[in-house]
Amino acid sequence: QVQLVESGGGLVQAGGSLRLSCAASGRTFSTYNMGWFRQAPGKEREFVAVINWNGGNADYTDSVKGRFTISRDGAKNTVYLQMNSLKPADTAVYYCAAGGWGPSESEYNYWGQGTQVTVSS
């Protein structure tokens, strides 16, 4: 079992930065791929980024490439999403997830509760 607790969401102006954290509990955390998804009001949840079990590989959706960076710290059982050059279109509830790879949310076995990110103009 993996339990995920997210933090770091908030309100930021366009062009600003925000760092999301997802703290995981469970002895098998380091064996899971970890992903970030987001969902804006009235829209489907979409894939943002994923990182593999040892942090050596990562993928991003095109809209965040060059602006967002996913990373993980195995010693702290935490995965991060550093978000730079934020745009109003990035406004969404952000979720961390464990156990999958890529854009298919059905592949992920565990989900956090979500944290709100709001980017103002």
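Excluded from the calculations below are hydrogen atoms, water molecules and symmetry mates; all remaining heavy atoms, backbone and side chain alike, are included.
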Closest approach of Ser17 and Ser85, non-hydrogen atoms and distance? OG-N, 4.4 Å
Check whether more than 12 heavy atoms from other residues, nucleotides or ligands sit under 6.0 Å from atom CD of Gln13, and answer yes or no. no
Assess whether side chain to side chain contact (heavy atoms under 4.5 Å, CB included) is satisfied between Phe68 and Thr61, documenting all intermediate values. CA-CA 10 Å; Phe68 291 10; Thr61 192; over 6 Å; no
Interatomic distance, Arg19 atom CZ to Ser7 atom OG [nearest 0.5 angstrom]: 10.0 Å
Which atom pair, heavy atoms only, marks the closest approach of Asn33 to Trp53? OD1-N, 3.2 Å
Does the side chain of Asn57 pick up a donor-acceptor pair with the side chain of Asp59 at under 3.5 Å? no
Testing Gln116, Met83, Glu6 for side-chain contact (heavy atoms from CB on, under 4.5 Å) with Tyr94, which one passes? Met83
Value for CE (Met34) from OG1 (Thr78), rounded to nearest 0.5 Å, stands at 9.0 Å
Given the rule in the side chain to side chain contact (heavy atoms under 4.5 Å, CB included) test, do Tyr32 and Tyr110 qualify, once you have shown the distances and angles that lead to the verdict? CA-CA 10 Å; Tyr32 287 92; Tyr110 305 100; 3.6 Å; yes
Working to the nearest 0.5 angstrom, can you tell me the gap between Gln82 CD and Ser21 OG? 9.5 Å
Distance-minimising heavy-atom pair for Tyr60 and Ala49: CD2-CB, 3.5 Å
With sequence neighbours excluded, tell me which residues meet ring pair (Phe, Tyr, Trp, His ring centres under 6.0 Å) with Phe37. Phe47, Tyr108, Trp111
CZ on Arg72 to SG on Cys96, rounded to 0.5 Å: 11.0 Å
When every non-hydrogen atom of Ala24 is compared with those of Leu4, the smallest separation belongs to CB-CD2, 3.7 Å
For the pair Thr69 and Tyr80, evaluate side chain to side chain contact (heavy atoms under 4.5 Å, CB included) and give the outcome as yes or no after the intermediate values. CA-CA 8 Å; Thr69 302; Tyr80 304 96; over 6 Å; no
d(Leu18 CG, Leu11 CG) to nearest 0.5 Å is 9.5 Å
Is there a path of hydrophobic side-chain contacts, each under 4.5 Å between heavy atoms of I, L, V, M, F, W or Y residues, that connects Tyr95 with Val64? no
For residues 80-102, pull every pair meeting salt bridge (Lys or Arg N to Asp or Glu O under 4.0 Å), keeping only residues two or more places apart or in separate chains. Arg38-Asp90, Arg67-Asp90
Do Val48 and Trp101 land in one hydrophobic cluster if side-chain heavy atoms of ILVMFWY residues count as linked below 4.5 Å? no
